[in-house]
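Reviewing the structure listed below.
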Amino acid sequence: MSGEQQARHQHDQVPFLELLARGAAVEAYDRPVLLARADGADAAALAGLEQAKQLALRVRAELEGRRRREAELSALFETAHDLAGLRDLDAVLRAIVQRARSLLGTEVAYLSLNDPVAGDTYMRITDGSVSARFQQLRLGMGEGLGGLVAQTARPYVTDDYFRDDRFQHTRAIDAGVRDEGLVAILGVPLTLGSQVIGVLFAADRRARVFERGQVALLGSFAAHAAVAIDTANLLAETRTALSELERANGIIRDRSGVIERASEVHDRLTELVLRGGGVRDVADAVSEVLGGTVEFTEARQPRASADGRAVRRGDAWVAAVSAGGEVFGALVLRGSDRLDPVDRRTLERAAMVTSLLLLAHRSAGEAEQRVRGELLDDLIDAPGRDPRLLKDRAARLHADFGVRHVVLAARLERDREDAGADGTAPGDASHPRTCAPPGPPSAAASGGPSGGASAAPAGPGRAHADRQRLWSAASHLAATRRGLASNRDGGTVLLLPLGPDETAAGVARRTALDLGRTLREPVTVGASAPAKPPAADPAAIGPAYAEARRCLAALALLGRAGEGAAADDLGFLGLLLADRGDIDGFVERTIGPVVAYDRRRGTELVRTLDAYYATGMSPARTRELLHVHVNTVAQRLERVGRLLGEDWQSPDRSLEVRLALRLHLLSPALSR
């Protein structure tokens, strides 16, 4: 080739090199030829340009193929990298489908998996799909293109899905494909060994011919997808095996821990019994061992099994606390949903230990209550005993005999229907002292042939049991307040110390409230006036007890059953009940404000009040008797009303006011 020809040849290649450099489209390579023809180039020049164009197109195709292979290799590398760090199977499969769609340049790509149980294949991952019906398709084996691929384990491609009769068309599948608008579909199998587990698809919404390289590329992605699924399954199996192994180890540890806990609780319960622990100590020990919260409840609370077995009741485990057929209550465990047999046995053993402790504590308590009752009975019935001996006995019981005391007579409200006029129950007249807990009722006490309550056979027996309950509650109350209690005369008597700021009436009201709350029934309590310290004057307790009983009877007559009161609370009736009538106190409580007002102001309210009652409560006649204006009488009576209260003229208040007024006017003579 001559130099001129070489120069021309190089000149012809320049525009095509520029097109290659900027990656122009195929259509752009025709432009240099067209421009040369338009400029009137000769045939040789046009032939040279055409040859250069073909050469440039071959170079472009080679470069394009290399770029595509590079992208494919990069995508395969990224997929392999995803598999190496597999954490989420769906994420890996979604990345495979997206890359296949991108590299093959299709509008849609999707992956289906076989369902061995249902015997079909279902959509798992889609990319580019817009039809919900298509995304929910399930294909039977051999149905549709995917069913054919899954059945034969070979790739299949169709240029026009609806005109291809190589596979079985079904109404449901065709409707889904039509809804998505797909035409050309390529499907390759996902295989593990010889087993097909699914199909990877690439599809377009127009007719298209898939090249052999594209089929191979999609097959490579399908192989990666199969590896990802297999790896995920292996990881799942490994996790399951590890989980089962951990569970087995946990069971072994739990069993070992249960045995250790059982041994520990056995040792702790034994120690509690030996050192005289209480029910709370047992509950705390079992709570710590079983990991829940254990509480002791009375028998009327959650129902427990009669044979002592721990049973489930709602959200709690309950074990009966009983001995000799008597049920004391139950241990209730909360916060432990499941109890294995060893833990149940631990709860049952704790319930048995609790019953033994309760029996021991009750026996000790009853013995102490009897001793306390005997001391109080000696104070009432034998006041001449040596005060030093009485004081020593009180000290051993932690009773304080060095301060003032109040004597209280208590009775359950429903005992009234079985009580006599003096407040004693039938059958108790010959047994005024009953310090020990009452045993089974005798014939006389139960309304037998010689009893006086045969009309209501159940009444005396019930009253007998009620008095025992009242005595038990009163004994506990007295012990906590460093006092004494005894069961006598059909009721219960208490001797309680008075604090510096306490009154007999206040102690009576509080005692009635406490006993009523404990027994869940109204309890009436009558109190004596404050008595001297028993250590200084033991003889004062007997008369104080008689006064307390009279106050108790008065409360019943006044319809104030279930209350607590002293003589001071009963107005003028208290003067009649008390051994030492407190006239000045009664006058002060009743008309003290009026007397004090006259003393401070120099008025004549007391004289006006006396004239008012002397004239039959007539303001007009009172005016005449006092020789004052009727308005003056009205103003004085209004002042009395403000000082004594608006109800001072009611029948009950008026009687007390007249009596207090008379005692006040007679006080100079009574003091002589």
Start with the C-alpha distance between D120 and L139, add both sets of side-chain angles, then the distance that settles side-chain contact (heavy atoms from CB on, under 4.5 Å), and finish with yes or no. CA-CA 6 Å; D120 60 6; L139 293 74; over 6 Å; no
Would you check, one step at a time, whether the test side-chain contact (heavy atoms from CB on, under 4.5 Å) holds for L519 with L470? CA-CA 7 Å; L519 299 176; L470 176 59; 3.8 Å; yes
Tell me, with the steps shown, if T511 and L477 meet side-chain contact (heavy atoms from CB on, under 4.5 Å). CA-CA 8 Å; T511 301; L477 180 64; 3.7 Å; yes
Given side-chain contact (heavy atoms from CB on, under 4.5 Å), test L333 with T293 step by step and report yes or no. CA-CA 6 Å; L333 169 64; T293 302; 5.9 Å; no
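The only member of L137, D179, T126 that meets side chain to side chain contact (heavy atoms under 4.5 Å, CB included) when paired with S131 is D179.
Judged by distance alone, with hydrogens and angles left aside, the side-chain atoms of S102 form no donor-acceptor pair with the main-chain N or O of Q98 at under 3.5 Å. Under a 3.5 Å cut-off, the side chain of H169 and the backbone N or O of D164 do form a donor-acceptor pair. Within the 3.5 Å criterion, the main-chain N or O of V227 finds a donor-acceptor partner in the side chain of T231. A donor-acceptor pair under 3.5 Å links the side-chain atoms of T121 to the main chain of L113, judged by distance alone.
Distance check, rounded to the nearest 0.5 Å: CD1 of I229 to CD1 of I197 gives 4.0 Å. Between atom CG of residue L192 and atom CG of residue L190 there is a gap of 8.0 Å, rounded to the nearest 0.5 Å. Note: L182 CG to T158 OG1 = 11.0 Å, rounded to the nearest 0.5 Å. N114 CG to Q151 CD: the interatomic distance, rounded to the nearest 0.5 Å, is 11.0 Å. Taking CZ of R239 as the start and CD of E244 as the end, the distance is 14.5 Å to the nearest 0.5 Å. Distance CG/L218 to CZ/R101: 14.0 Å, rounded to 0.5 Å.
At least one side-chain heavy atom of F201 sits less than 4.5 Å from a side-chain heavy atom of S112. Between L186 and L104 the shortest side-chain heavy-atom distance falls below 4.5 Å. In this structure the side chain of W317 never reaches within 4.5 angstrom of the side chain of R334, judged on heavy atoms.
In this pair, F134 and Y110 present their aromatic rings perpendicular. The plane angle is above 60°, beyond the 30 to 60° band.
Residue V183 comes nearest to A207 through the heavy atom pair CG1-N, 3.8 Å, listed as atom of the first residue, atom of the second, then distance. Taking every heavy atom of both residues into account, A512 and G564 meet most closely at CB-N, 3.8 Å. Listed here is the closest heavy atom pair of A41 and L46: O-CD1, 3.9 Å. Closest non-hydrogen pair, V97 versus L111, comes out as CG2-CB, 3.9 Å. Of all heavy-atom pairs between L200 and A222, the closest is CD2-N, 3.6 Å. Contact record, L412 with R469: CD1-NH1, 4.4 Å, taken as the closest heavy-atom pair.
Using a cutoff of 4.0 Å between basic side-chain nitrogens and carboxylate oxygens, E107 and R206 are not scored as salt-bridged. Between E180 and R205 there is a salt bridge, since at least one side-chain N of the basic residue sits less than 4.0 Å from a carboxylate O of the acidic one. The pair D204-R208 counts as a salt bridge, with a side-chain nitrogen and a carboxylate oxygen less than 4.0 angstrom apart.
The aromatic ring centres of F167 and Y161 sit less than 6.0 Å apart.
At most 12 heavy atoms of other shown residues, nucleotides or ligands fall within 6.0 angstrom of atom CZ in R154. Within a 6.0 Å radius of CZ in R166, more than 12 heavy atoms belonging to other residues, nucleotides or ligands are found.
Side-chain atoms of E143 and T170 include no donor-acceptor pair closer than 3.5 Å.
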